[in-house]
Protein chains: 4
Amino acid sequence: MSHLPETLLAGYRNFMTGRYAAETDRYKSLAREGQSPETLVIACCDSRAAPETIFDSGPGELFVVRNVANLVPPYSPDGEFHSTSAALEFAVQALKVKNIVVMGHGRCGGIRSALDPNSTPLSPGDFIGKWMSLVAPAAETVTSNTMMTQAERQTALERISIRYSIANLRTFPCVKILEQKGRLELFGAWFDISAGELWVMDRETGDFERTSIA
Amino acid sequence: MSHLPETLLAGYRNFMTGRYAAETDRYKSLAREGQSPETLVIACCDSRAAPETIFDSGPGELFVVRNVANLVPPYSPDGEFHSTSAALEFAVQALKVKNIVVMGHGRCGGIRSALDPNSTPLSPGDFIGKWMSLVAPAAETVTSNTMMTQAERQTALERISIRYSIANLRTFPCVKILEQKGRLELFGAWFDISAGELWVMDRETGDFERTSIA
Amino acid sequence: MSHLPETLLAGYRNFMTGRYAAETDRYKSLAREGQSPETLVIACCDSRAAPETIFDSGPGELFVVRNVANLVPPYSPDGEFHSTSAALEFAVQALKVKNIVVMGHGRCGGIRSALDPNSTPLSPGDFIGKWMSLVAPAAETVTSNTMMTQAERQTALERISIRYSIANLRTFPCVKILEQKGRLELFGAWFDISAGELWVMDRETGDFERTSIA
Amino acid sequence: MSHLPETLLAGYRNFMTGRYAAETDRYKSLAREGQSPETLVIACCDSRAAPETIFDSGPGELFVVRNVANLVPPYSPDGEFHSTSAALEFAVQALKVKNIVVMGHGRCGGIRSALDPNSTPLSPGDFIGKWMSLVAPAAETVTSNTMMTQAERQTALERISIRYSIANLRTFPCVKILEQKGRLELFGAWFDISAGELWVMDRETGDFERTSIA
């Protein structure tokens, strides 16, 4: 019999004796009745930026898509495979979520590669290069600012990218219509993986402001 | 200033006063030194099947991709956008993870739609339809088995799909080569969202067996 | 007899009955022996960013230059009036300070005017326009980034300007020589007038990082 | 990471736990709404003569220019860099201050150097020499009075210089016009750094009289 790595098994044990034991009824009920999360979170794969951790969520609360650099590509009904678009469509049309949060974070490896002029493909397929090319125009405007430090350009592009993804959400007709009807709200957030701070995007200006937990 | 929904803010407060307060040094160190997770998990977006919850993971441990029905498409270096492939490439080539876990779960909505003969597109783009067509051949073999119950067909396809995704992992040259060299291990897992049970795939037979937590 | 505005007189009374009463010996001693502040601070005129307040300084501690946008112009021994250069020369050569801190701040009006394409002269002399033209090259690189919000460009230029002023400090031979000899240290700081946070510039990267007060 | 000198950090901690903690709302409000100080103070860089200390001011109250010997040069719209003129223009035309206070002080090093016949340049640029030459005509009349003690000549020139700077304020058309319209008041003050006394200039006679704090 194959075994999962021991750390995962140990963690699973903690889950079963801890959270699952405490919330057994909830798990059973969610299985029986189905999930009805109110929020879709589009987050990065980064091991330091998990939405469930940051929002201390329990089962049934968040429908979560995670891809490199938490990107939402523009609406493109061209018959190709579009996993993020598929998840978005499912969340909005089938689960009827009320909120969509695009959450980026500091020190994002995907964003860093988009800013690296010497970036070489990680494999002949260069999937990351192609994926991150979604933010190439934005990366160019940032890279050309030689008076900013590398870290400043990194943070700038992380936030520009969140705004870009939110704009792309609105290219999906179902999202646009539901937002206009007041049945769907779009949010941008940026998590500082060092300080633990969560910054929320102001919908009017696009600026990110720190959330007070007071 | 825009505010996130109150439930998310409340959860974030819990995070800051709880986990972050307890693990501040770890967060700062991970930010400073970068992430080096040993495991990539490919899981479903489902709100009841979050890897961090099931494996009780902390920051820095799991690099997580989440898409509908935790699918890994076959290697296809055709210049198109492939977010799951991009994340896989990044995890294997840049982060050099040692383990990949494809984790499916019971009552998966994506799998259900693939088994539904009357399934209609959720939107004109029909992204889900196209995305789930990755498992269409497998779905057909299962659907044609009229002597299984709907729930049995559901569970069957969930597990067939995990095996199919693991096979697709091996179509990526970097994965295949590293696995052969013993530097990368592939795992399949299936989470029973009602009973909380975790089933692990036997690499030899493809069968799923319950993990004991004793 | 002319009187100062009442608010100033009231404040002066507080000073006399408070701080001066408590530190009379120190004032007398400083008058007798002369000042020997160890630090020169170059700060903005802004009413929300006074160094004495932010550093809770007492008499004799800080030699302070304040001009619009805390700029240090490049070394220019051309016989013209250069008040910031004069103060710098005095602090370094006569008072022999050990530290120079260039302190900028958020929401700087001077920086805002440098970023405003429609900025019109405040008077025919257009002194502000000419003074802020010291940062015109930097302002251009920032302004051209249309994907950043106005607030993001503002903060970017505030920090670029601090780095530029520190570089200009080094164009003064006395500063350059003393720094190389280890007798003078240069610092950059940026004060968030809303959150009260003080960010300090990393001398290697030029990045600004929040100071912890723990 | 670079750190500010410990004394500054300690002072900043006092500020955050003291004044900032007590006036947080005020700082946030000033950041949000902008500054509207009613008074511009032109003071000396001297570490013993900080306006915020002497007037016990809080954030938002004083817009402060500090240069060596608190000089205001004559209006000179010649396209050169004039930092004190720029700050004056900004305070009067943009912030629309109601008061301008030129505050000198006893034992001013700049004034002392202007009176020193053997004064040698502090650096080849001789910025201080050039800057203080603004008061050269006045310095000559005082120096030639051999029957006054050195301290008496010092105090005399400190006060002559304040009157000269106030006269120079009136060479700025915007200042002159607003003063005539009763929308701007000009004040002279002289601070005795030993006794803590504040002397205010009588606008009619130019004499300085001690302010009573009773």
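Note that the structure is a prediction, hence the values are computed from the model and not measured. Chain letters run A, B, ... following the sequence lines, proteins first, then strands; residues in each count from 1.
Counting heavy-atom pairs under 4.5 Å between each of Ala50(D), Ala43(D), Ser123(D) and chain C puts Ser123(D) at the top. Note on Thr17(D), Asp56(D), Val41(D): by heavy-atom pairs under 4.5 Å with chain C, the leading option is Asp56(D). Contact count versus chain D (heavy atoms, under 4.5 Å) is highest, among Leu30(C), Thr84(C), Asp46(C), Leu9(C), for Asp46(C). Among the candidates Asn14(D), Thr53(D), Thr39(D), the residue making the largest number of heavy-atom pairs closer than 4.5 Å to chain C is Thr53(D). Most heavy-atom pairs under 4.5 Å with chain D, from the set Ala87(C), Ser83(C), Gly58(C): that is Ser83(C). Most heavy-atom pairs under 4.5 Å with chain D, from the set Gly11(C), Ser29(C), Cys45(C): that is Cys45(C). Comparing Arg26(C), Gln93(C), Arg19(C), Gln35(C) by how many heavy-atom pairs each has under 4.5 Å with chain D, the most go to Gln35(C). When each of Pro77(D), Gly125(D), Pro37(D), Gly196(D) is checked for heavy-atom pairs under 4.5 Å with chain C, Gly196(D) comes out on top.
The aromatic rings of Tyr27(C) and Phe15(C) lie perpendicular to each other, with more than 60° between the two planes, well past the 30° mark.
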Side-chain polar contacts of residues 104-115 of chain C - donor-acceptor pairs under 3.5 angstrom, sequence neighbours left out - could you list them?
{"unit_1": "Arg107(C)", "atom_1": "NH1", "unit_2": "Ala31(D)", "atom_2": "O", "d": "3.1"}
{"unit_1": "Ser113(C)", "atom_1": "OG", "unit_2": "Gly110(C)", "atom_2": "O", "d": "2.8"}

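By the 4.5 Å heavy-atom criterion applied to side chains, Val92(D) and Ile100(D) are counted as neighbours. Considering only heavy atoms from C-beta on, His3(D) stays 4.5 Å or farther from Phe187(C) through its side chain. Counting heavy atoms from C-beta on, the side chains of Phe55(C) and Leu4(D) come closer than 4.5 Å. Residues Leu198(D) and Met103(D) are in side-chain contact: their nearest non-hydrogen atoms beyond the backbone lie under 4.5 Å apart.
Interface residue Ser76(D): only backbone heavy atoms are found under 4.5 Å from chain C. Within the 4.5 angstrom heavy-atom criterion, only side-chain atoms of Phe191(D), from C-beta onward, approach chain C.
Once rounded to the nearest 0.5 Å, the distance linking CZ of Phe90(D) with NZ of Lys96(D) reads 11.0 Å. Expressed to the nearest 0.5 Å, how far OG1 of Thr211(D) lies from CG of Leu8(C) amounts to 10.5 Å. Annotation: the span from Leu178(C) atom CG to Phe172(C) atom CZ amounts to 13.5 Å, rounded to 0.5 Å. If you take CG on Leu88(D) and CG on Asn168(D), they are separated by 10.5 Å, rounding to the nearest 0.5 Å. Of the inter-residue distances, the one linking Leu184(D) atom CG with Leu186(D) atom CG reads 5.5 Å to the nearest 0.5 angstrom.
Chain D is approached within less than 4.5 Å, heavy atom to heavy atom, by Ile128(C), Lys130(C), Trp131(C), Ser133(C), Leu134(C) from residues 128-138 of chain C, ordered by number. Contacts between residues 59-75 of chain C and chain D, counted as heavy-atom pairs separated by less than 4.5 Å, involve Pro59(C), Gly60(C), Glu61(C), Leu62(C), Phe63(C), Val64(C), Val65(C), Arg66(C), Asn67(C), Val68(C), Tyr75(C).
Using a distance-only test at 3.5 Å, with no hydrogens or angles considered, a donor-acceptor pair links the side chain of Arg163(C) to the main chain of Gly206(C).
Minimum heavy-atom separation, Asp126(D) to Leu122(D): OD1-N, 4.4 Å.
By the side chain to side chain contact (heavy atoms under 4.5 Å, CB included) test, Thr24(D) is found to be paired with Tyr20(D), Lys28(D), residues two or more places apart in sequence or in another chain being considered.
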